[in-house]
Amino acid sequence: MGTDRGRRGRRPRALPRQRRRDHRARQGRPGHRVTPGGDAAAPLVVTLLLQEEAQARFDRLRAQHFPVRPLPGARRERASGGGEGVFRLAAHVTLFHALPGEQLAAVDADLAAAADRAPFDVAVTGVRMLGRGVAYDLAAPELTALRDGLAVGWAPWLTRQDAQRLRAHITVQNKVTPARARALHAELTAGFVPERVPARGLGLWRYLGGPWEPVAEHPFTG
């Protein structure tokens, strides 16, 4: 997700500490669909879903190193207290950051078709500095082909960011000082061992000014 910027995810989900109510994006079991809600014009986010054991490991790293953020409209003093009014997105692999919300039906149908394929593994190839954060780089020819195919069909809708070639990654730290980022990068690089993690499907979300609302999950079924 181009370093988790602004508009730009069960797993990934918005993880508010605010008693985990409506702001929490819950992701169901494979094939589970969540009734769309919220603002119909809100941008759509598309992610690659990872197998749950790998997802849980990246979630733990992100929870340890990624600062919480205020919920939109939250009172500042409540949001800064570490309890109510804050959230942290779970770890996620963003494929598209901001598709037009009014194209929900078409996007959802295209994702269902794209997910009609065999699951595949994604290589975790290294640790990347983001300037004010750290991410793990990911690579898989299947992922590149899948994403490129969707991008061709959605070309009229793509933002400048989404029109760029994908550099798949999963961010575990962002929006910290460069010194903190360099320290974590050195720590994670020293212990890094390349691995492969299974991808299990595609996720569709609405961007709600910070938190993400789940719309659909499309497991790989081929």
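Quantities reported herein were computed from a predicted structural model and do not represent experimental measurements.
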Problem set entry | Side-chain (His218) to main-chain (Ala216) donor-acceptor, under 3.5 angstrom | no
Problem set entry | Exercise: identify the closest heavy-atom pair between Asp162 and Ala98 | OD2-N, 3.0 Å
Exercise. Out of Thr171, Leu61, Val172, Leu89, which residue meets the side-chain contact (heavy atoms from CB on, under 4.5 Å) rule with Phe66?
Worked result: Thr171
Exercise. Counting only N and O atoms by type, is there a donor-acceptor contact under 3.5 Å from the side chain of Asp59 to the main-chain atoms of Ala90?
Worked result: no
For this session: Give the cluster check for Phe58 versus Val176: same hydrophobic cluster or not, with ILVMFWY residues linked at side-chain heavy-atom distances below 4.5 Å.
Result: no
For this session: Determine which pairs satisfy ring pair (Phe, Tyr, Trp, His ring centres under 6.0 Å) with at least one residue from residues 108-134, sequence neighbours left out, and list them in order.
Result: Phe120-Phe220
Exercise. Do other residues, nucleotides or ligands put more than 12 heavy atoms under 6.0 Å from Arg180 CZ?
Worked result: no
Exercise. Under the side-chain contact (heavy atoms from CB on, under 4.5 Å) test, which residues partner His185, sequence neighbours left out?
Worked result: Val127, Met129, Val134, Thr189
For this session: Mind jotting down which residue pairs meet the side chain to side chain donor-acceptor pair (under 3.5 Å) criterion with at least one end in residues 133-147? Sequence neighbours excluded, please.
Result: Arg128-Asp137
Exercise. How would you list, by chain and number, every residue that makes a side-chain contact (heavy atoms from CB on, under 4.5 Å) with Ala105, sequence neighbours excluded?
Worked result: none
Problem set entry | Derivation and outcome, side chain to side chain contact (heavy atoms under 4.5 Å, CB included), residues Leu146 and Leu48 | CA-CA 10 Å; Leu146 185 157; Leu48 181 72; 5.9 Å; no
Exercise. Does the Gln51 side chain pair with the main chain of Arg200, one donor and one acceptor, at a distance under 3.5 Å?
Worked result: no
For this session: Please test Ile170 against Leu50 for side chain to side chain contact (heavy atoms under 4.5 Å, CB included), starting from the C-alpha separation and ending with a verdict.
Result: CA-CA 11 Å; Ile170 189 161; Leu50 302 180; 4.0 Å; yes
Seminar exercise, completed: Taking every heavy atom of Ala135 against every heavy atom of His169, the minimum-distance pair comes out as CB-CD2, 3.8 Å
Seminar exercise, completed: For Ala181 and Gly131 the tightest heavy-atom approach is CB-O, 3.9 Å
Exercise. Are the side chain of Gln103 and the backbone of Ala106 linked by a donor-acceptor contact shorter than 3.5 Å?
Worked result: no
Problem set entry | Test side-chain contact (heavy atoms from CB on, under 4.5 Å) applied to Glu187 - qualifying residues, sequence neighbours left out | Leu184
For this session: For Ala123, enumerate each residue passing the side-chain contact (heavy atoms from CB on, under 4.5 Å) test, keeping only those at least two apart in sequence or located in another chain.
Result: Thr125, Arg196
